Structures are given as C-alpha cells and as structure tokens.
Amino acid sequence: MVHLQDVCKSFNVGLPNEIEILHHINFSLSRGEFCAVMGPSGSGKSTLLNIIGLLDRPTHGQLAITGEETTGLDDQALTRLRGHAIGFVFQHHHLLNAFTALENVMMPLLGAAGFPNASIEARAAELLDSVGLSAFATQPSGSLSGGQQQRVAVARALAMNPALLLADEPTGNLDSKSADAVFDLLRRVSREQGTTVLFVTHNPELATRCDKTIQVVDGRVI
C-alpha cells in the first residue's frame, strides 16, 4: 500500500542554507496495517506525512502509493491520486463551522461530483452514522464538542473510500476519553474496511495498540 525507498527531503536546495530534513527513509505498509509514527517535536514526522500524502515531493528516492510510483507524476496526476486514494485527519479538525456536520462530510464528494445529489447525501449520512453522530447531522459543526468534531473529520476523511488514511496527531487536542474514542474509531475502520492507517502520535499508550510503530529521530527511522 505504501513503499518508501531511500526517501530524502531537503529545503532551500542549491542555496547556502540548504538543509536535509529526512535522511534515506525506507519502510513499507501493507493493506489494512495500522501503524504509529512517534518521535520528538522537530524530528520530521509531519514532513514525512506530507510526502506520503502527496502534499510535498521528496528531494530524492522513490515513493509508491497503492502500487503506483509517484516520483514522475505531474501535479495533476498527484492531485487525482491523492483525492481518490488518501484521506487526511489532522490535529485540528478543519471543519467549516457554519456548515452542518452532514455538509462537512459531503465536501469531498461534492468536489469529485461537482454538484450535490441524493447519493452524495446518503453516503455522508451513512458515514456519520458509522461514527455515531447521525443524531447531530443537521447541527452546525461549530456547536459540537471537540471529540464530536474530530469524529466528523474522520467521517469526512473516509468519504472517498481511501485505501490510505493519514492521521497527524488527531487526538492531540482531545481529553483522554475523547482521544480513546477517536483512536478506537480509526482502529475499527482499519479492521472492517481494510484501510491502511498511518497515525502520528506522542502518546506511547496509543502506540502500543497499533500493529507496529515507526520511530523517527532527527529525520531518520531508527
């Protein structure tokens, strides 16, 4: 599902202040695998996630997503692959507070279809039900609790049935009970739908509940 071979990432390339952030990263993830990424702040975890999520390009090395080598793809092809194969959940939910929970979940589907229809609304309602929030579908997302908002964000990330779900500290802003609920939701999605999940966290207790853990220190997988 994910394969990185000798991936490096530098900034300010060719300038006197050029700096390499990621150094020769190699690892693979299988379909349905649930993997934690841990490491101190500034270790390169978010840069790594941005590269795997096709939001940034490696300076060197190869990255394959769902078996497709991405290094030679142009921006349009990367956008297409990212939109259909990858879902994102961030530490901040990034919901549109003026829109309802249902409308927020519909957003990726609207982007793909170009216009609303009954099947899009039905799909969004199904996803909200799967995260236990069908009773809050018509409520503005800004009126929901932090844990509820993050569950809406998970439902939105699953709208396009992505093969890969990237979660960048999705429980970092939540209390322990809400954090457990969001983690358990992601774990259930992985098991029931075969979704590969890469989960960045500073919480060692949550990491022990993953299939495996990747430790990143000073831009290297150790």
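Keep in mind it's a predicted model, so treat the numbers as computed, not measured.
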Under the 3.5 angstrom rule, does the side chain of [X] hit a backbone N or O of [Y] as a donor-acceptor pair?
X    : Y    : answer
K9   : H60  : no
N104 : L95  : no
N12  : L15  : no
R220 : H23  : no
T196 : M1   : no
S190 : R187 : no
S143 : P140 : yes

Grab the two heavy atoms, one from [X] and one from [Y], that are nearest each other, plus how far apart they are.
X    : Y    : answer
V182 : R151 : CG2-CG, 4.2 Å
Q148 : L133 : O-CD1, 3.4 Å
E20  : C8   : OE2-CB, 3.7 Å
R209 : D180 : NH1-OD1, 3.3 Å
G147 : L174 : N-CD2, 3.8 Å
P170 : V200 : CD-O, 3.9 Å

Flag for D168-S46: side-chain donor and acceptor within less than 3.5 Å: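 Present: a donor and an acceptor within the cut-off.
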
Under 3.5 Å side-chain donor-acceptor pair for E68 and T66: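 The criterion, which ignores hydrogens and geometry beyond distance, is not satisfied for T66 and E68.
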
Measure the spacing between [atom1] of [X] and [atom2] of [Y] and express it to the nearest 0.5 Å.
X    : Y    : atom1 : atom2 : answer
S141 : F99  : OG    : CZ    : 9.5 Å
I52  : H3   : CD1   : NE2   : 12.0 Å
S10  : E18  : OG    : CD    : 5.0 Å
F27  : I214 : CZ    : CD1   : 4.0 Å
L4   : L29  : CG    : CG    : 8.0 Å

Derivation of the side chain to side chain contact (heavy atoms under 4.5 Å, CB included) call for L166 and V89: CA-CA 6 Å; L166 302 178; V89 184; over 6 Å; no

Worked check of side chain to side chain contact (heavy atoms under 4.5 Å, CB included) between T100 and Q139: CA-CA 5 Å; T100 67; Q139 288 196 23; over 6 Å; no

Exceeds 12 heavy-atom contacts within 6.0 angstrom, atom CG of N161: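 More than 12 within 6.0 Å, yes.
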
E33 atom CD, neighbour heavy-atom count above 12 within 6.0 Å: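 More than 12 heavy atoms, drawn from other residues, nucleotides or ligands, come within 6.0 Å of this atom.
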
Audit row: T47, D56, side chain to side chain donor-acceptor pair (under 3.5 Å) steps and yes/no: CA-CA 8 Å; T47 300; D56 201 355; over 6 Å; no

[X] and [Y]: same hydrophobic cluster, using ILVMFWY side-chain contacts below 4.5 Å?
X    : Y    : result
L102 : V152 : yes
L55  : L165 : no
V7   : L198 : yes
V197 : L81  : no
L158 : L54  : no

Close side-chain approach of T70 to R82, heavy-atom, < 4.5 Å: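 Heavy-atom side-chain distance check fails, nothing below 4.5 Å.
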
Salt bridge present between R80 and D74 (N-O < 4.0 angstrom):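 No, this pair does not count.
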
Chi angles and distances behind the side chain to side chain contact (heavy atoms under 4.5 Å, CB included) call for H94, R156: CA-CA 11 Å; H94 295 298; R156 180 184 58 188; 4.1 Å; yes

Parallel, tilted or perpendicular: ring planes of F88 versus F90, cut at 30 and 60 degrees: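 It falls in the parallel class, under 30°.
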
Step-by-step side chain to side chain contact (heavy atoms under 4.5 Å, CB included) determination, Q215 to V37: CA-CA 6 Å; Q215 291 277 355; V37 177; over 6 Å; no

